[in-house]
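Taking it in order: structure first as structure tokens, then the write-up.
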Amino acid sequence: GLTRTGFQEEKLSLLAKTIVNASVAGGYGLINYITTHSVFSRFSKSNNGWNTLPAGLVGVYGTHYAVRLLIALEFLGANVPEEAMYFHANIDSNGQTLTGQNNNAYTILLLDGRESIPADAFWSVTMYNATDFQFIGNPINRYAIGDRTPGLIPNSDGKSITLYLQYNEPSDPTQRANWLPTPNAEFYLLLRAYQPAPQAIN
């Protein structure tokens, strides 16, 4: 098992291997149950397709072990609400699963431009592959977009900014500047607001 030089599976007995494999399978089964049943959904708050967990659960989980398990799988970890708030989206405004397949394209309108998200430090929208929760390789090496992203082009009003999410590179120069590439597959978005203002927490 666990040795001075690392984990060596071959040193495990057949019984130990069976127990470890069953534990892994059981863990993923629990995660699936959490994400598809009210065990998780009763904690979640949704607004316009973006979901978040109440401030009292993230970063300070108490005895909500199932929530801690889900955070560890999809997000690795999370700060306390005073440091950061997290908003998760995997469906569009019509309730359909986000995917870059079939030439699907999405937009996010930031009415107040870079100041749209109430964060005293900074904010970002990061894209992840829905299958393995990893970054998505793309031709411009852009994995997130936010208030610190250089070169974003505002709309004709001079203030609002539209973000463009799609698999194929846009031909329009403005759309290309504001492009966050998607995979040719299902994905989800994570909006992080660091040092969030009270309205973001509440």
Side-chain angles (χ1 to χ4, degrees), residues 35 41 44-53 58 70-71 73-79 83-197 199-201:
T35 55
S41 62
S44 182
K45 296 192 298 184
S46 181
N47 185 7
N48 224 12
W50 293 90
N51 298 284
T52 188
L53 292 171
V58 178
L70 183 70
I71 294 293
L73 174 71
E74 293 199 21
F75 315 115
L76 295 183
N79 289 302
E83 292 295 329
M85 283 293 292
Y86 307 90
F87 304 88
H88 170 277
N90 61 359
I91 59 172
D92 63 17
S93 57
N94 296 316
Q96 301 299 308
T97 299
L98 295 175
T99 177
Q101 294 175 313
N102 303 316
N103 294 317
N104 282 357
Y106 308 92
T107 59
I108 299 175
L109 176 61
L110 303 170
L111 290 174
D112 293 319
R114 296 175 187 267
E115 287 74 49
S116 295
I117 310 301
D120 292 335
F122 63 92
W123 62 266
S124 65
V125 177
T126 307
M127 182 164 309
Y128 295 94
N129 192 308
T131 303
D132 58 13
F133 317 117
Q134 300 298 310
F135 287 148
I136 297 152
N138 61 80
I140 61 172
N141 295 319
R142 178 179 281 177
Y143 308 99
I145 200 166
D147 61 343
R148 300 169 299 164
T149 302
L152 295 181
I153 299 177
N155 295 319
S156 58
D157 60 12
K159 185 175 185 180
S160 67
I161 295 175
T162 301
L163 306 181
Y164 297 89
L165 287 63
Q166 60 192 63
Y167 177 68
N168 294 315
E169 182 173 349
S171 57
D172 180 88
T174 296
Q175 294 185 15
R176 191 183 309 118
N178 299 354
W179 176 41
L180 182 59
T182 75
N184 191 25
E186 293 182 6
F187 64 89
Y188 70 89
L189 300 170
L190 187 62
L191 189 158
R192 296 175 171 90
Y194 287 93
Q195 294 184 14
Q199 60 265 40
I201 297 177

(request) Please name the residue in the list Asn178, Ile108, Thr174 that meets the side-chain contact (heavy atoms from CB on, under 4.5 Å) test with Ile161. (result) Asn178

(message) Determine whether a donor-acceptor pair (N or O, by modelled atom type, separation under 3.5 Å) exists between the side chain of Asn94 and the backbone of Gln96.
(response) no

(message) Using 0.5 Å steps for rounding, measure from the CD1 atom of Ile91 to the CG atom of Leu189.
(response) 11.5 Å

(message) Measuring only between side-chain heavy atoms, which start at C-beta, is Asp147 closer than 4.5 Å to Thr149?
(response) no

(request) Indicate the atoms forming the closest heavy-atom contact of Phe87 with Met85, along with that distance. (result) CE1-CB, 3.7 Å

(request) Assess the side chains of Ser160 and Asn155: does a donor N or O sit below 3.5 Å from an acceptor N or O? (result) yes

(request) Write down the atom of Tyr167, the atom of Gly100, and the distance for their closest heavy-atom approach. (result) CB-O, 3.8 Å

(request) Please find out if less than 6.0 Å separates the ring center of Tyr128 from that of Phe133. (result) no

(message) So does Gly113 get a backbone contact from the side chain of Glu115, meaning a donor-acceptor N/O pair under 3.5 Å?
(response) no

(request) Consider only side-chain N and O atoms of Asn79 and Tyr194, and report whether a donor and an acceptor are under 3.5 Å apart. (result) no

(request) Report the distance from atom OG of Ser124 to atom CG of Leu190, rounding to the nearest 0.5 Å. (result) 7.5 Å

(request) List the steps and the verdict of side chain to side chain contact (heavy atoms under 4.5 Å, CB included) for Glu169 and Trp179. (result) CA-CA 8 Å; Glu169 182 173 349; Trp179 176 41; 3.5 Å; yes

(request) Work out which heavy atom in Ala193 is nearest to a heavy atom in Ala119; give both atom names and the distance. (result) CB-CB, 4.0 Å

(message) Does Phe135 form a side chain to side chain contact (heavy atoms under 4.5 Å, CB included) with Thr126? I'd like the steps, not just the answer.
(response) CA-CA 8 Å; Phe135 287 148; Thr126 307; 3.5 Å; yes

(request) Give the C-alpha distance, both sets of side-chain angles, the deciding distance and a yes or no for side chain to side chain contact (heavy atoms under 4.5 Å, CB included) between Leu180 and Tyr106. (result) CA-CA 10 Å; Leu180 182 59; Tyr106 308 92; over 6 Å; no

(request) Find out whether the Lys NZ or Arg CZ of Arg148 is both under 6.0 angstrom from the six-membered ring centre of Phe122 and within 45° of the ring's axis. (result) yes

(message) Apply side chain to side chain contact (heavy atoms under 4.5 Å, CB included) to residues Phe187 and Thr182 and explain how you reach the verdict.
(response) CA-CA 7 Å; Phe187 64 89; Thr182 75; 3.8 Å; yes

(request) Give a yes or no on this: more than 12 heavy atoms of other residues, nucleotides or ligands lie within 6.0 Å of atom OH of Tyr86. (result) yes

(message) Just verifying a value: how many Å separate Ile117 CD1 and Gln199 CD, rounded to the nearest 0.5 Å?
(response) 10.5 Å

(message) Can you tell me how far apart CZ (Arg142) and CD1 (Ile145) are? Round to the nearest 0.5 Å.
(response) 4.5 Å

(message) Measuring from atom OG1 of Thr107 to atom CD of Gln166, what distance do you get when rounded to the nearest 0.5 angstrom?
(response) 10.0 Å

(request) For Ser116 and Leu111, work out which heavy atoms get closest and say how close. (result) OG-N, 3.5 Å

(request) Verify the neighbour count for atom CG of Asn103: are there more than 12 heavy atoms of other residues, nucleotides or ligands below 6.0 Å? (result) no

(request) To the nearest 0.5 angstrom, please state how far the CE atom of Met127 sits from the CG atom of Leu98. (result) 8.0 Å

